[in-house]
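Report on one structure; see the data block that follows.
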Amino acid sequence: MESQMYAVVDLETTGHSSKQGDRIIQIAIVFMRDWQIEKTYTSFVNPKRKIPHFIQDLTHIKEEDVKHAQPFEAIAHEVYDMLQDCVFVAHNIDFDLPFLQEEFKRCGLPKWFGKSMDTVELAKILYPTAYSYKLSEIALELNIGLENAHRADDDAMATARLLKKCFEQLMSLPLETIQHLHTRSFKLKSGLAHLFFEALQIKRTKSSQLQHHFLYRGVPILQPQQQKIDAEPVIYPASTEAKTQLFSKVMTHFEVREGQFNMMDTVWNSLQHRTEILTEASTGIGKTLAYLIPSIVFAKQQKQPVVISTYTSHLLDQLIQEELPKAKELLGCDVRIAVLKGMEHYIDLDRFIESLVITEDSYDENFVKMQVLVWLAISSTGDLNEVNVSGGGRTVLDRIRRTSTTAETKQQNAFDFYLEAMKSCEEAELIITNHAMLLADLERETPIVQQVGGFILDEGHQMIQAATMREEKVFAYRRFKYCFGQIGHFEDRALHHAFYRLLQQADRVPLRYLSKLENQFFDMIDVFEHAMNHLVSRMNLSASHGGSQKKTILLNTLTLKQPLLEEVGHMMEQWLQLAHEVTRIFKSYQDDLEPSKRVWLTDWEYWLRDLQQLLEQWRAIFNVHEQNRTSWIEADRRSLPNSIQIYDRPIQIADHITQAFDQFRGRDGIIWASGTLTVPGNPRFIADQLGLSREVALYQFQAPAHYYKGANMYIVDDMPDIQQVPQSAYIEAVAEAVTQAVLATEGRCFVLFTSQDMLRKTVDLIQEIGALEDYMIFAQGISTGSRMRLLKMFQRFERSVLFGTNSFWEGVDVPGDALSAVIVVRLPFSAPEEPLFKAKADKMQQQGLNAFYKLSLPEAILRFKQGFGRLIRSSQDKGAFIVLDRRIETKSYGPDFLRALPNVEVRHVSLSELVFDLEDWYNK
């Protein structure tokens, strides 16, 4: 019997809808049999209409490329015939196949019938940890060549190779995993079931297990491997010559950076002498290697691990995947590492395996379970955050996370990824974690990191934010309603109904318990809604046509009925007590239940835990507040009460940080490392907020002057004074300046705001004018996706502009010529009415301090430094730092902002002079 032919198709079009007149401009088909390419077909197509500029930018297909090509009508029959008896394969088949079907119909051909497969769906299952499933990004991750993304011929070839890679990945999985996948594949959207069946048939004739796998209750699990131990001692390169030789062995054309070598010695001495220090290292120092190399050598020599903590998961991944391999190569040794994360990061295997018996899964639930099955066969960590899920899949992962309550029911011989991770800390040389997890661990009665030799706190200034967020309490109306909806009542399909059926079958729980449980549940919801309506009435947020729809109100300015709020908490507590009692009775004979029924009980307990957490949040928010905290409400008048969120945060956090690290001071080396610790005139600004004493020495390391030779700074001096004109007039001027700068640099610009409202209005005006219609515009809070996704999209297009606030001021790396300019719309002062800032400022005023010079100005200067740091990430980078806010030259504090930056040329120019200078500079 002849094997199956796969036709891998990719289309480039003028837009998304054939029905609305969009047409194909290029089609490519790669024909594959037995995972070998047999032939290819590709053709430009004349769309008989203009190709939009952004499509030309995306595909690099110009009008002249299709000018002499045939229209689709001329090749439709040929394409239709080629696809017969093939499996139609595409990357995002929901676009290519329907578009092609519409074109066939327009050309008078019947609908094409046949099997189809989507490589997006397939790749998500078989590569569940991939960062992205866009073709260019998954191809890069899997080392699949794709020189010209968004050209049909290159995309089709890359998709064909991706299909082959997916099948090879499928065949590498254990037999039991493939069996589970095949059973669940019939609920997928594209016809992948026959592919899983083919793999199953082949696998059954071969060895079914991979090395290091074992079966845990029928599911293959990849066991963690033992890490190697070095045979040769590792020695710290003390002299400049030794360091130079060390780096030169691995890095071609290595250039000595004195600041990096000095920082290495400073970190080494701190670890050796068990002292606490602050190190500020500017961009270009090579800060990460400067602390990694002494940390590794110290840990190996002293037989004590060093803890390295960063702020975000992105920085942690960057450390492990990029910087640590460099350090290991430089030192010529392996390094035993442990990644320390909270219990909730890890999968509860028993809970997941119980969930596999459910046959009534939704598409999202079924899909995520398939992803997890593959992930368990390839992951040695058990960290669920490795799995890339979207939409409803997040809830599925949350239900199978490890919790402290599940630890109580674990059997002694049950495999537990969390406990394995904790064991790895005992043998590790580097324990890598993030600030939030480190603080949580240090507050335990017996910290995991108790017996260590030192701490490296990278992005140390962010420990302030991490500690603040750890102490934050949040109430979100939507989360309460979602939890109530999941529990439901006895007459719907929610958990109450399923639980009620279980109890009826068991016939061991008195009916009065069930009636009382339901009645109290509805009474609790009624009182909760009454309390919410009361809160809305006190906020005076009725819909209005004027001003911003989003409002922030300090909680202590509202007169609330405290007894009503207390009654909500009391009724939640009563209902939870009754629910737990019914659950306890029922669990006494849960072993008699079918496996599918036990899952209902597991879900029930999950939502009871969630409601218990919500009760604790309710009480923390609405009980009497401490003096050192502030609370506020955020809401959108267009969506009440759904939009209500209440925040409660500490005003100062130094005491919490001090308490966490006091036990290690004098015993271990503690190194606070950051690129932004100081401001002119106040070098201890961050140190004071961290609660560090004056005895903690501060060291500063600056990159050589030539590192910034590619940077120019411009102050546009004919912008209107932001404090003298209406906001609308300033936004018009900003829109004009941004447009002119973008056109001069041909895109690749960051535009940094301090206000989401101003960002939105500026973007709206630019789009309304249409001057940048040939550019891709990405805007934080407007464009969909996370910060990292927006950044990836921004980098993909040559003609692109990214508008950002807050998080884009720091922690974003854009290498090389992917970033031409950073435009600062306003000096990054905190809004005076921002609740936490206002509370800090008020407290300073009460102490007789000037809040502007002691708080507002230093914070703004630090953000300004961070904004400049986005521009130059290597000595080869070239870019313009453009400031539109004239306060930097008209106010007495303006020079402080300039002194905070490296020594770069500052030019005061008009907007027209800026445009001329930029065009001249970038065209050199």
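Keep in mind that this is a model prediction, so the values were computed, not measured. Along the sequence shown, residues carry numbers from 1.
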- Task: Taking atom types as modelled, find out whether H908 and D717 have a side-chain donor-acceptor pair closer than 3.5 angstrom.
- Result: no

- For Q260 and A290 the tightest heavy-atom approach is O-CB, 3.9 Å

- Item | Steps toward side-chain contact (heavy atoms from CB on, under 4.5 Å) verdict (L271, S295) | CA-CA 8 Å; L271 291 171; S295 296; 4.1 Å; yes

- Electrostatic pair R760:D757 at N-O distance under 4.0 angstrom: no

- Message: Side chains of I686 and W672, heavy atoms from C-beta outward: is any pair under 4.5 Å?
- Response: no

- Message: Pair Y893, I861 - check side-chain contact (heavy atoms from CB on, under 4.5 Å), show working.
- Response: CA-CA 10 Å; Y893 53 74; I861 291 173; over 6 Å; no

- Message: Looking at every non-hydrogen atom in both residues, tell me the closest pair between S309 and N434 and how far apart they are.
- Response: OG-C, 3.1 Å

- Kindly say whether V335 contributes a backbone atom to a donor-acceptor pair with the side chain of E429 at under 3.5 angstrom? no

- Query: Is atom NZ of K838 surrounded by more than 12 heavy atoms (other residues, nucleotides or ligands) closer than 6.0 Å?
  - Reply: no

- Between T288 and E323: side-chain donor-acceptor atoms closer than 3.5 Å: no

- Is a donor on one side and an acceptor on the other found under 3.5 Å between the side chain of T805 and the backbone of Q756? no

- Query: Quick one: does H461's side chain get under 4.5 Å of E459's, heavy atoms only?
  - Reply: yes

- Message: Using a strict threshold of under 4.0 Å (side-chain N to carboxylate O), is an ion pair present between E695 and R665?
- Response: no

- Does the side chain of M758 come within less than 4.5 Å of I731's, by heavy atoms? yes

- Message: Regarding K326 and E322, does a basic nitrogen lie under 4.0 Å from an acidic carboxylate oxygen?
- Response: no

- Query: Do Y311 and D458 come close enough that some side-chain heavy atom pair is under 4.5 Å?
  - Reply: no

- Query: When rounded to the nearest 0.5 angstrom, what is the spacing between CG in L692 and CE in M463?
  - Reply: 10.0 Å

- Task: Determine whether V734 and V751 make a side-chain contact, defined as any pair of heavy atoms from C-beta on separated by less than 4.5 Å.
- Result: no

- Flag, side chain of D885 to backbone of L827, donor-acceptor distance under 3.5 Å: yes

- Check the surroundings of atom CD in Q465: do more than 12 heavy atoms from other residues, nucleotides or ligands lie under 6.0 Å from it? yes

- Message: Contact between F864 and V883 at the side-chain level, heavy atoms closer than 4.5 Å - yes or no?
- Response: yes

- Query: Between R649 and T468, is there a donor-acceptor pair closer than 3.5 Å when you use the side chain of the first and the backbone of the second?
  - Reply: no

- Going by distance alone, is a donor N or O of one side chain under 3.5 Å from an acceptor N or O of the other, for Q727 and K761? yes

- Task: Of all the heavy-atom pairs spanning P294 and L289, show the shortest one and how long it is.
- Result: CD-O, 4.1 Å

- Task: List the steps and the verdict of side-chain contact (heavy atoms from CB on, under 4.5 Å) for I882 and L918.
- Result: CA-CA 11 Å; I882 302 166; L918 288 176; 4.0 Å; yes

- Task: Work out which heavy atom in A466 is nearest to a heavy atom in H435; give both atom names and the distance.
- Result: CB-CB, 3.6 Å

- Item | Check: T266 main-chain N/O paired with S270 side-chain donor or acceptor under 3.5 Å | no

- Answer yes if the ring centres of F829 and F837 are under 6.0 angstrom apart, and no otherwise. no

- Does E276 reach the main-chain N or O of V696 with its side chain, forming a donor-acceptor pair under 3.5 Å? no

- Is the closest side-chain heavy-atom distance between L901 and Y708 below 4.5 Å? no

- Rounded distance (nearest 0.5 Å) linking atom CG of N903 with atom CG of L898: 11.0 Å

- Item | Q659 CD: over 12 foreign heavy atoms closer than 6.0 Å | no

- Message: Could you measure the distance from the CD atom of Q663 to the CZ atom of R667? Nearest 0.5 Å is fine.
- Response: 7.0 Å

- Message: Any donor-acceptor pair under 3.5 Å linking the side-chain atoms of Q700 with those of E280?
- Response: yes

- Item | From Q845 atom CD to K854 atom NZ, the distance as rounded to the nearest 0.5 Å | 12.5 Å

- Query: Got a second to check how far D917's CG is from R907's CZ, nearest 0.5 Å?
  - Reply: 4.5 Å

- Message: Could you tell me if the side chain of Y236 sits less than 4.5 Å from the side chain of M264, heavy atoms only?
- Response: yes

- Does R863 use its side chain to pair, donor to acceptor, with the backbone of P828 at less than 3.5 Å? yes

- What one should report as the nearest heavy-atom pair of P683 and L698 is O-CD2, 3.7 Å

- Query: Given K865 and T678, is the side-chain contact (heavy atoms from CB on, under 4.5 Å) satisfied, shown in steps?
  - Reply: CA-CA 10 Å; K865 287 174 65 175; T678 68; 3.9 Å; yes

- Message: I'd like to know if the side chain of T433 and the backbone of L340 have a donor-acceptor N/O pair within less than 3.5 Å.
- Response: yes

- Query: Is a side-chain N or O of S820 found less than 3.5 angstrom from the main chain of C749, in a donor-acceptor match?
  - Reply: no

- Task: Could you tell me the separation between the CD1 atom of I432 and the CD1 atom of I320, rounded to the nearest 0.5 Å?
- Result: 4.5 Å

- Which pair of non-hydrogen atoms, one from G453 and one from R274, has the smallest distance, and what is that distance? O-NH1, 3.4 Å

- Donor-acceptor pair, side chain of D441 and main chain of I448, under 3.5 angstrom: yes

